[in-house]
Enquirer: 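Handing you this structure, nothing more for now.
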Amino acid sequence: MPGNRPHYILLPVSPLFITFSLVCAFMLNLLPLGRWVGAPDFVALVLVFWGIHQPRKVGIGVAFVMGLLMDVHDASLLGENALAYTLLSYLAIMIHRRVLWFRVMTQAMHVFPLLLLAQAVQFFVHFTASGRFPGVLYFAESVVAVALWPVITWLLLAPQRRAVDRDHTRPI
């Protein structure tokens, strides 16, 4: 049947790899892409991914710390990104069981409102503090991040996949 696809059992994820992916996402956010319209927030994207796939290892505390780091980097109001990332992580953990049943493109459609809401929280805090309206294209960041969801999923699940031609001398 064409709708059926095999469900592969993934290997356990290494905490070192989770840390590495969060550091890489933070480094990508450090690049001077902030002035470009639609430059995605890689930390938010990786936090949503790990919140959905490993909610016990990457939770609200990690999201809060990453948000504080982004606040310091952006020189924004302290707690702006921390609040948005904490809310984002909470919502990702809340829907993680449902989202894992879907294909990657359908997962992206479930992740889009989460990213949009986190960006709306950042917008509201920034607008309340400064009184400046950044424009409607401010929300293009969420659209670009959702377009990157299949790539991020493929990259972050790659170390957990088993080999196609399995070695029968190993137990896993």
Enquirer: Return the minimal non-hydrogen interatomic distance between Q122 and A84, and the atom names on each side.
Expert: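 So the minimum-distance heavy-atom pair works out to CG-CB, 3.5 Å.
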Enquirer: Closest approach of A82 and T86, non-hydrogen atoms and distance?
Expert: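 Closest approach of A82 to T86, heavy atoms only: O-OG1, 2.6 Å.
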Enquirer: Work out which heavy atom in E141 is nearest to a heavy atom in P40; give both atom names and the distance.
Expert: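 Distance-wise, the nearest heavy atoms are CG-CA, 3.8 Å.
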Enquirer: Can you tell me how far apart CH2 (W149) and CZ (F112) are? Round to the nearest 0.5 Å.
Expert: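 W149 atom CH2 to F112 atom CZ measures 14.0 Å (nearest 0.5 Å).
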Enquirer: Going only through I, L, V, M, F, W and Y residues with side-chain contacts under 4.5 Å, is there a path from V143 to L148?
Expert: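 Yes, it is one cluster - the side chains of V143 and L148 are joined through contacts under 4.5 Å.
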Enquirer: Among the clusters formed by ILVMFWY side chains lying less than 4.5 Å apart, do Y90 and F64 turn up in the same one?
Expert: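 No, separate clusters.
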Enquirer: Determine whether a donor-acceptor pair (N or O, by modelled atom type, separation under 3.5 Å) exists between the side chain of Q119 and the backbone of Y138.
Expert: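 Here the side-chain-to-backbone pair exists.
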Enquirer: So I52 and V111, do their side chains get closer than 4.5 Å, heavy atoms only?
Expert: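 They are in contact (side-chain heavy atoms under 4.5 Å apart), so the answer is yes.
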Enquirer: Run through the side-chain heavy atoms of Ile, Leu, Val, Met, Phe, Trp and Tyr, join any pair under 4.5 Å, and report what else lands in W154's cluster.
Expert: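 Taking Ile, Leu, Val, Met, Phe, Trp and Tyr as members, W154 shares its hydrophobic cluster with V151, L155.
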Enquirer: Looking at every heavy atom in both A145 and L115, which two are closest together, and how far apart are they?
Expert: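 Heavy-atom minimum between the residues: CB-CD1, 3.8 Å.
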Enquirer: So which of N29, L88, V48 actually passes side-chain contact (heavy atoms from CB on, under 4.5 Å) with V43?
Expert: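 So, applying the side-chain contact (heavy atoms from CB on, under 4.5 Å) to V43 and each of N29, L88, V48, only N29 qualifies.
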Enquirer: Which atom names give the shortest non-hydrogen contact between H73 and L30, and what distance separates them?
Expert: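 Smallest heavy-atom distance, with atoms named: CD2-CD2, 2.8 Å.
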Enquirer: State whether a side-chain donor-acceptor pair under 3.5 Å links D41 with Y85.
Expert: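 Side-chain D/A pair, D41 to Y85: present.
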Enquirer: I'd like to know if the side chain of Q160 reaches the main chain of V13, judged simply by a donor and an acceptor atom lying under 3.5 Å from each other, with no hydrogens or angles considered.
Expert: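 No; zero donor-acceptor contacts below 3.5 Å.
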Enquirer: In the structure I gave you, are the side-chain heavy atoms of I18 and L22 within less than 4.5 Å of one another anywhere?
Expert: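 The answer is yes; the side chains approach within 4.5 Å.
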Enquirer: Is any side-chain heavy atom of M66 closer than 4.5 Å to one of V62?
Expert: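 Counting from C-beta outward, V62 and M66 do come under 4.5 Å.
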Enquirer: Atom NE2 in H53, atom NZ in K57: separation rounded to 0.5 Å?
Expert: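 Nearest 0.5 Å value for the NE2-NZ distance: 13.5 Å.
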Enquirer: Strictly under 6.0 Å, is that where the ring centroids of F26 and F42 end up?
Expert: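 Not under 6.0 Å, so no.
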Enquirer: Do the side chains of L31 and F20 join up, straight or via other hydrophobic residues, at under 4.5 Å, putting them in one cluster?
Expert: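 Yes, because L31 and F20 connect within a single hydrophobic cluster, where side-chain heavy atoms sit under 4.5 Å apart.
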Enquirer: Quick check against the 3.5 Å criterion: does S89 have a side-chain atom that pairs as donor or acceptor with the backbone of G59?
Expert: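 A pair under 3.5 Å: yes.
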Enquirer: How far does CG of L91 sit from CG of L114, to the nearest 0.5 angstrom?
Expert: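 Going from the CG atom of L91 to the CG atom of L114 covers 5.5 Å.
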Enquirer: Got a donor-acceptor contact below 3.5 angstrom from the H96 side chain to the I93 backbone?
Expert: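 Judged by distance alone, yes, a pair lies under 3.5 Å.
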Enquirer: Taking C-beta and beyond as the side chain, do V58 and F49 meet within less than 4.5 Å on heavy atoms?
Expert: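 Not touching, per the 4.5 Å side-chain cut-off.
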Enquirer: Membership question, hydrophobic clusters at under 4.5 Å side-chain separation (ILVMFWY): are M70 and L78 in the same one?
Expert: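 Different clusters: L78 never reaches M70 through Ile, Leu, Val, Met, Phe, Trp or Tyr contacts under 4.5 Å.
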Enquirer: With a 4.5 Å cut-off on side-chain heavy-atom distances among I, L, V, M, F, W and Y, is there a chain of contacts connecting M109 to V99?
Expert: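 No, no single cluster joins them.
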Enquirer: As a quick check of understanding, evaluate side-chain contact (heavy atoms from CB on, under 4.5 Å) for L77 and D71, giving each step before the final call.
Expert: CA-CA 7 Å; L77 187 63; D71 286 332; over 6 Å; no
Enquirer: Between T106 and F102 (side chain of the first, backbone of the second, donor and acceptor by atom type, cut-off under 3.5 Å), is there such a pair?
Expert: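 No, T106 side chain to F102 backbone: no donor-acceptor pair under 3.5 Å.
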Enquirer: What distance separates L69 CG from D74 CG, expressed to the nearest 0.5 Å?
Expert: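 Reported to 0.5 Å precision, the distance equals 11.0 Å.
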Enquirer: Which donor-acceptor pairs under 3.5 Å do side chains of residues 124-133 form with protein atoms, sequence neighbours excluded?
Expert:
residue: T128; atom: OG1; partner: F124; partner atom: O; Å: 2.6
residue: S130; atom: OG; partner: H126; partner atom: O; Å: 2.8
residue: S130; atom: OG; partner: R132; partner atom: N; Å: 3.3

Enquirer: Determine the interplanar angle of the F17 and W50 rings, folded into 0 to 90°, and report it as parallel if under 30°, tilted if 30 to 60°, perpendicular if over 60°.
Expert: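 Correct class here is perpendicular.
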